[in-house]
Amino acid sequence: IMALFLFIIPAFSDQNNEFSTIASSLGNWVMVLLLGGVIALFSAMNMGATTVVSREGKAFWLVKSLPVSYRQQTLAKLLFGISIPLIWGLPIAVAFMVVFDVSVLVATLGFVLGMAISAAITAAGMIFDFIRPKLVWTNEAEAIKQNMNGFFAMVLDAVIVGVLGVLVYLLIAYTALEIWAVCALTSAVTVAFTIISIAALLRIGEKSLDKLDA
């Protein structure tokens, strides 16, 4: 909600035209990268996903007794985690169209890129909680806010987003690539990392759930 207000408030101020001018000077492809980066940055704080196993708590025995494979349960938790960034991803994309006066196509491409990065870092960040979940707690807030797994995941995800941002900057500043080519290369790197992260999570999650005691 706070992230959304950061973009909505300028739309109702005298600075709205200035933002539109800035967006026009940067170009559509830069706005795609910028929107994708903003969505991904907030996804690095996706504590709802990175503590998904810990929140089972005393009910973890249900995980062990369900007639569903551990791989399918891991995949279900991943899908839940990936769905959370939609809560801020869609509104921010709409806000970009309003504040920066970008087209629906630009907002859509930025949204897709942001969600792709979010999927990659969410899967990577969830690994900590699958390996060593915090199953002993008195309330669910403790399982989220006092859980080092969420902190480690947040740091890792922020580093990944930062590295990706530096890579984009270097490609733009020190190569002769067109901006659209930088977007394409960034998307390719993101897709590859997403596949690796999801594959690692499914493999580690399946083994971890099998070894953990209820």
Side-chain angles (χ1 to χ4, degrees), residues 1-10 31-57 74-96 98-100 107 109-135 137 139-169 186-187 189-191 193-198 200-202 204-205 208:
I1 294 176
M2 292 177 63
L4 182 59
F5 282 145
L6 290 176
F7 296 102
I8 289 295
I9 292 176
M31 295 306 298
V32 169
L33 293 170
L34 182 60
L35 175 56
V38 170
I39 294 175
L41 185 61
F42 285 102
S43 296
M45 298 179 282
N46 189 358
M47 297 286 285
T50 54
T51 58
V52 69
V53 181
S54 294
R55 294 203 310 277
E56 298 287 356
T74 302
L75 179 60
K77 292 182 182 300
L78 172 62
L79 292 175
F80 162 75
I82 294 175
S83 70
I84 296 177
L86 290 171
I87 297 174
W88 55 80
L90 282 173
I92 289 178
V94 173
F96 253 67
V98 175
V99 176
F100 294 103
L109 291 175
F111 170 76
V112 171
L113 176 60
M115 290 304 299
I117 301 173
S118 297
I121 62 177
T122 297
M126 290 175 68
I127 291 176
F128 292 102
D129 206 49
F130 272 91
I131 294 176
R132 194 176 180 180
K134 180 179 180 178
L135 298 174
W137 40 265
N139 57 73
E140 192 166 341
E142 180 184 345
I144 300 174
K145 298 179 180 180
Q146 299 180 30
N147 192 338
M148 291 303 294
N149 293 333
F151 171 76
F152 291 142
M154 188 182 301
V155 172
L156 174 64
D157 293 348
V159 169
I160 294 173
V161 174
V163 169
L164 193 58
V166 171
L167 175 62
V168 169
Y169 170 75
T186 303
S187 300
V189 171
T190 299
V191 170
F193 182 59
T194 301
I195 293 173
I196 294 172
S197 297
I198 292 177
L201 175 64
L202 292 178
I204 293 172
S208 296

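Computation of the quantities below employed the complete heavy-atom set of this structure, encompassing side-chain atoms and omitting hydrogens, waters and symmetry-equivalent molecules.
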Apply side-chain contact (heavy atoms from CB on, under 4.5 Å) to the pair Leu113 and Leu35, showing each step before the final yes or no. CA-CA 8 Å; Leu113 176 60; Leu35 175 56; over 6 Å; no
Point-to-point distance, once rounded to the nearest 0.5 Å, from OG of Ser197 to CD1 of Ile127: 6.5 Å
Would you please test Leu156 and Phe128 for side-chain contact (heavy atoms from CB on, under 4.5 Å) and show each step? CA-CA 10 Å; Leu156 174 64; Phe128 292 102; 3.6 Å; yes
Backbone of Met148 reached by a side-chain donor or acceptor of Lys134 within 3.5 Å: no
Taking all atoms of both residues into account, what is the closest heavy-atom pair of Ala143 and Arg55, and its distance? CB-CG, 4.2 Å
What is the minimum heavy-atom distance between Ala107 and Ala93, and which atoms define it? CB-O, 3.8 Å
Would one find more than 12 heavy atoms of other residues, nucleotides or ligands at under 6.0 Å from atom CZ of Phe151? no
Nearest-0.5 Å distance, CG of residue Leu201 to OG1 of residue Thr74: 6.5 Å
Supply the atom-to-atom distance Trp137 CH2 to Ile144 CD1, rounded to the nearest 0.5 angstrom. 8.5 Å
Heavy-atom donor-acceptor pair, Arg132 side chain to Asn149 backbone, under 3.5 Å: no
Worked check of side-chain hydrogen bond (donor to acceptor under 3.5 Å, both in side chains) between Asn147 and Thr51: CA-CA 7 Å; Asn147 192 338; Thr51 58; 5.4 Å; no
pair Leu167-Thr186: side-chain heavy atoms closer than 4.5 Å: no
Considering only residues two or more places apart or on different chains, which pairs with a residue in residues 76-86 satisfy side-chain hydrogen bond (donor to acceptor under 3.5 Å, both in side chains)? Glu56-Lys77
Can you name the closest pair of heavy atoms from Phe130 and Ser208 and give their distance? O-CB, 3.1 Å
Taking Gly81's backbone N and O only, do any of them form a donor-acceptor pair with Asn46's side chain (distance below 3.5 Å, no angle check)? yes
Among pairs that include at least one residue of residues 110-125, which meet side-chain hydrogen bond (donor to acceptor under 3.5 Å, both in side chains), considering only residues two or more places apart or in two chains? Ser43-Ser118
Leu34 CG to Ile39 CD1 distance, which is reported to the nearest 0.5 Å: 10.0 Å
Which pair of non-hydrogen atoms, one from Asp129 and one from Thr50, has the smallest distance, and what is that distance? CB-O, 3.2 Å
Out of the candidates Ile117, Val155, Ile121, only one should pair with Ile160 under the side-chain contact (heavy atoms from CB on, under 4.5 Å) rule; please name it. Ile121
Main-chain N/O of Ala116 paired to Thr194 side chain as donor or acceptor, under 3.5 Å: yes
Please find the pair of heavy atoms, one from Met115 and one from Ile82, that lie closest to each other, and give the distance. CE-O, 3.7 Å
